[in-house]
Amino acid sequence: MSLIRRVIYIIVALAILLVGILFSSHNSQLVSVDYLLGKTDAYYLSFWLISSFVLGGLLGVFASSSTILRLKTQNKRTEKKVKHTEVELSRLKGGSA
């Protein structure tokens, strides 16, 4: 099962790489971006699109990191309570914990 999963991941990665190469080759126009406070030098359109995609992903990870950290902390606290409750239950049943 693990081998099949790896093969599928490799096929998906190669497909994404192929789409990226085709995307870059079809969007080779030079474009400058005007961001109201200034204007950038001209780069390939694919560069701007891929950079925007990566920057958006990084900002998404950054924005959700505090929520993920809070949920992980809450999960650890809950696991600790469950473990304590299991020990207490085992003690009440007369078993050794």
Side-chain angles (χ1 to χ4, degrees):
M1 192 66 165
S2 176
L3 179 66
I4 293 172
R5 187 177 295 164
R6 282 185 184 181
V7 170
I8 290 172
Y9 285 152
I10 290 171
I11 290 171
V12 169
L14 289 175
I16 290 172
L17 180 66
L18 180 66
V19 169
I21 290 171
L22 289 173
F23 179 78
S24 295
S25 68
H26 285 278
N27 293 297
S28 60
Q29 301 88 5
L30 291 175
V31 175
S32 63
V33 175
D34 185 1
Y35 54 92
L36 301 179
L37 300 174
K39 195 171 186 177
T40 64
D41 293 334
Y43 290 103
Y44 294 112
L45 177 62
S46 59
F47 169 79
W48 290 117
L49 292 173
I50 291 172
S51 297
S52 299
F53 179 74
V54 169
L55 184 63
L58 290 174
L59 288 174
V61 167
F62 180 72
S64 65
S65 64
S66 66
T67 301
I68 291 172
L69 187 63
R70 183 177 49 85
L71 290 175
K72 280 188 174 185
T73 304
Q74 185 178 8
N75 189 26
K76 278 193 173 193
R77 252 188 248 138
T78 304
E79 284 177 355
K80 208 175 206 179
K81 282 183 182 178
V82 167
K83 190 173 183 178
H84 178 72
T85 303
E86 286 176 350
V87 168
E88 186 70 22
L89 182 62
S90 176
R91 189 181 63 80
L92 289 174
K93 284 184 177 179
S96 63

Quick one: side chains of residues 3-24, donor-acceptor pairs under 3.5 Å with protein atoms, not counting sequence neighbours, listed by atom name and distance.
from, atom 1, to, atom 2, distance (Å)
Ser24, OG, Gly20, O, 3.0

Can you tell me how far the NZ atom of Lys81 sits from the OG1 atom of Thr85, to the nearest 0.5 Å?
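It is 8.5 Å, given to the nearest 0.5 Å.
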
Nearest 0.5 angstrom please: Leu89 CG to Arg91 CZ, how far?
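Between atom CG of Leu89 and atom CZ of Arg91 there are 10.5 Å.
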
Ion pair check, Glu79 and Lys76, cut-off under 4.0 Å:
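No, this pair does not count.
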
State whether the side chain of Thr40 and the backbone N or O of Val33 hold a donor-acceptor pair below 3.5 Å, judged by distance alone.
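Checked: pair present.
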
Tabulate below the donor-acceptor pairs under 3.5 Å that side-chain atoms of residues 44-73 make, not counting sequence neighbours, or state none.
from, atom 1, to, atom 2, distance (Å)
Trp48, NE1, Val31, O, 2.9
Ser51, OG, Phe47, O, 2.7
Ser52, OG, Trp48, O, 2.8
Ser64, OG, Gly60, O, 3.0
Ser64, OG, Val61, O, 3.3
Ser65, OG, Phe62, O, 2.8
Thr73, OG1, Leu69, O, 2.9

